[in-house]
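Letters go in sequence order (proteins before strands), and every chain restarts at 1. Only a predicted model underlies this, so the values are computations on that prediction, with no experimental measurement involved.
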Amino acid sequence: MEVVKAGSCVLLDINNGEHFVFSRLTPAATVKLGKAKYSLAPVIGCPFGSQFEPKSSSLERSSRAEDNNAGEEEEEEEENAATKDNRNLIDDNTAQTLSAEEIHSMKREGSSGQEIVNALIANSASFESKTTFSQEKYKRKKQKKYAPRVIIRCPTAKSVCEAYFSKTPAKIGFIRVDSLSMILSLANVGEMSNVLVSDMVGGLLTAAVAERLSGFGTVCSVYYTPKAPSLDIVGLFNFDSATSSRIFRVRLSTLLESYNSGLQNGEPAPLVVEQEKNMEDDSGTGKLPQSEQPMDVQPEKAVTEAEQEKDMEDDSGTGKPLQSNPSMDVQPEKAVTEASQTSVSQISENLEPVSTNPTKQRLIQQPSNEDVSDWVKTGFSSLIVGALNADPLKTLQQLLPLLAPSAPFVIYHTYLQPLADCMFALQKERTAVSLQLSEPWMREYQVLPSRTHPHMQMSSTGGYILSGIKTLPQ
Amino acid sequence: MAMAIASSSSIREGDVVIVYERHDRMKAVTVRKGGELQNRFGVFRHDDWIGKPFGSRVVDKKKGSGFVYLLAPSPVLWTLVLSHRTQILYLADISFVICGLELRPGCVVLESGTGSGSLTTSLARAVAPSGHVHTFDFHEPRASLARKDFENNRINNVTVGVRDIQGQGFPEELTDKANAVFLDLPQPWLAVESVLICLRPNASCCSFSPCIEQVQRTCEAFRKYNFVDIRTFEVLLRSYEIRKEFLTDISVNNGEVEDASLPPQKRRRSDSSEKPRPDGGDAPNPSIGAVMARPYAETKGHTGFLTFARCQV
């Protein structure tokens with residue numbers, strides 16, 4: 001998918017990694033840059049990877065060429081490096097002579113962000129005495145504040161995982177992008193796969209598998225709680241119907257019943273679903289229980305500032321003071337006020353017709369009886385478990401029988417011990433081989449002339465992964 | 001593609017089977033009627049394998065006690081068993097590359113050099129069935145061996161070319177065709193201009209280099225050709241071993257307890273401890289047993305740096 005379509009979901013990367021927002025491009029969609037909101041309409045029809053900047057009251061496309069201005073100065077560095085240092089710099093806030101009021105009036109007069117940045121540089125007493133590297137850093141810092149930019153990114157397993165991991169990692173069970181990539185490889189996700197996923201991480205695993213399959217295999221998300229867990233992340237991926245027609249969600253009891261009746265009869269049995277004790281009607285009479293409504297492409301509701309902070313506080317759990325990072329938020333799809341109704345009719349003349357019913361296409365399917373008995377008869381070709389509240393050994397004991405022999409399985413957990421206990425039991429039971437307990441490690445580097453070093457910040461953990469291959473029971 | 005799911009079918013003649021002895025001892029074997037595998041566990045006849053499902057355990061014919069498992073091949077297992085004609089990429093780097101290049105079925109990927117085909121096998125699976133891998137190596141015999149491996153593994157969406165990408169760049173017919181490019185070359189900066197020509201807008205390139213100087217020159221080239229999102233990473237996997245260990249509880253018996261590290265004969269007898277010894281020996285030894293995990297003492301320190309860069313739109 002190379003061009004942004006109306007009604008699709010995009011990942012707004014504000015100031016190159018500082019802030020992420022997922023947004024569904026309805027006519028009313030906006031993005032907040034600095035203190036102002038801008039309509040996202042100009043984005044539609046542009047290629048993914050485009051950058052936009054505010055120009056007066058709307059977004060205008062801009063080039064990313066200056067991102068690499070470091071390249072032009074590579075030869076200068078050698079000369080300048082030795083002559084400047086910070087011995088005379090005193091940090092007492094007197095270096096900048098442009099006052100806040102003057103900046104405000106510049107803004108009111110319609111100066112562009114870049115003009116303000118240039119003015120700040122011109123009025124900085126210490127700027128000239130800084131090293132070139134230091135000047136670049138200063139420029140970037142001012143640009144982030146006064147000349148914010150937004151890059152329109154395509155939601156992919158990588159970009160979605162990185163966005164969530166950097167801001168609200170608890171929502172994806174702290175799965176880091178290298179961990180996610182390991183899980184997908186170890187589970188041999190690809191053409192003709194039939195992958196069973198226990199996804200309690202917001203749908204990240206289901207979506208990542210579905211992306212790797214793109215319709216050439218099946219992903220079946222199994223759940224065991226009374227109410228199905230959220231798989232909202234699947235809705236961010238703009239999957240076409242070929243892909244989403246192969247994404248399923250099913251209750252564990254349904255699979256187990258089919259498996260057990262197959263055992264008794266020695267052949268695949270027609271599905272018999274017991275009536276749930278609660279009010280949900282699972283019996284295939286045509287009415288879907290609340291939790292199994294067709295997957296709306298509803299983004300998470302936009303939360304207020306106060307609620308955002310509260311969410312983040314709940315997530316941290318360490319008592320340490322939080323950094324004041326903005327949290328992940330999603331544009332509400334239905335926030336259509338009177339005012340924006342008018343603008344919708346104005347904008348829509350220039351656009352392709354926007355789908356008025358974004359929920360028309362089901363993102364996640366309910367399997368038929370035949371689907372379930374087929375899966376149970378052949379066995380799933382691999383298993384991925386990302387359920388932090390479930391005991392890994394018990395989970396495997398339930399789910400391994402549903403796998404084909406020689407199928408790989410992968411269990412992710414944030415704690416090492418439950419996986420160690422699980423691995424020990426598996427070794428004794430001899431139901432699997434090639435057991436491996438691994439911890440992914442990842443480090444990013446800044447590579448710039450004379451400034452190459454690992455990033456100062458680093459993630460300390462991406463969780464642990466237990467993998468193995470099921471063997472044929474003797 | 002053979003490395004798709006073979007696990008639902010039975011083993012047939014001509015299949016590649018991964019014979020599993022131990023987690024660090026596996027071997028790829030092509031099944032032939034009348035064929036035989038001999039190892040430390042005994043003699044195993046291929047004829048016994050034919051018709052059995054993958055994942056089966058087979059017992060040797062000579063002693064009747066040794067056994068191995070017959071596993072279905074996958075790119076992960078292939079990377080562990082393939083013959084190394086060059087230094088290969090391992091799972092941590094492979095999986096990070098595939099995810100980082102945002103690969104999915106239908107993508108066209110360019111690769112140079114092919115080497116032993118470790119990454120190539122994984123790339124092929126990631127883009128199958130509708131995508132394609134164009135891989136190049138300047139060493140003709142190596143390219144030929146890689147082609148044989150792919151054929152044997154029934155991988156049919158890879159084209160191996162013999163070409164010096166550093167010197168000549170990618171072939172012109174690949175202009176604007178690539179959804180991703182991977183470089184594992186001694187001087188990847190020489191190929192960056194050609195990469196730019198081949199990449200579709202917003203598509204990414206990944207370059208793997210062991211040395212930081214190579215990385216610096218490559219990043220310089222990326223900047224020169226106006227790539228964006230230039231990021232360099234290192235990834236590793238730390239493996240853990242697990243054991244059930246018994247740790248001595250020194251709080252009993254007034255602080256006089258058996259030294260669990262001494263062999264049984266050298267231990268003094270004592271009656272007043274509460275818990276029995278785990279090995280059922282004479283002298284009581286109060287201990288607390290639990291499954292414990294610790295990292296393996298040996299681990300890889302470094303494989304290479306992975307630099308990603310995106311073509312501007």
- request: Supply the atom-to-atom distance B/Leu80 CG to B/Ser118 OG, rounded to the nearest 0.5 angstrom.
  value: 8.5 Å
statement: Interatomic distance, CG@B/Asp229 vs CG@B/Asn202, rounded to 0.5 Å, equals 8.0 Å
- request: Select one option (side chain, backbone, both, neither) describing which atoms of B/Lys244 are under 4.5 Å from chain A's heavy atoms.
  value: both
- prompt: Heavy-atom distance under 4.5 Å to chain B: side chain of A/Arg176, backbone, both or neither?
  reply: neither
- request: With a 4.5 Å cut-off on heavy-atom pairs, point out which of B/Ser239, B/Pro129, B/Cys219 contacts chain A the most.
  value: B/Pro129
- request: Kindly write out the residues that satisfy side-chain contact (heavy atoms from CB on, under 4.5 Å) with B/Val59, not counting sequence neighbours, or none if the list is empty.
  value: B/Phe67
- line: Turns out that what part of A/Gln436 lies under 4.5 Å from chain B's heavy atoms comes down to side chain
query: Does the separation of the ring centres of A/Phe409 and A/Phe380 fall below 6.0 angstrom?
result: no
- prompt: Tell me, side chain or backbone of B/Ile212 under 4.5 Å from chain A's heavy atoms, or both, or neither?
  reply: side chain
Contact class of B/Arg310 relative to chain A, heavy atoms under 4.5 angstrom: side chain
- prompt: Measuring heavy-atom distances to chain A, does B/Phe305 have an atom under 4.5 Å in its side chain, in its backbone, in both, or in neither?
  reply: side chain
Option that, when pairs with chain A are counted at under 4.5 Å, heavy atom only, ranks first among B/His23, B/Met26, B/Glu234, B/Arg57: B/Glu234
message: Is B/Val215 in contact with chain A via its backbone, its side chain, both, or neither, using a 4.5 Å heavy-atom distance?
response: both
Distance-minimising heavy-atom pair for B/Leu89 and B/Ile94: O-CD1, 3.3 Å
Closest-packed option against chain A by number of heavy-atom pairs under 4.5 Å, given B/Ser122, B/Pro105, B/Ala92: B/Pro105
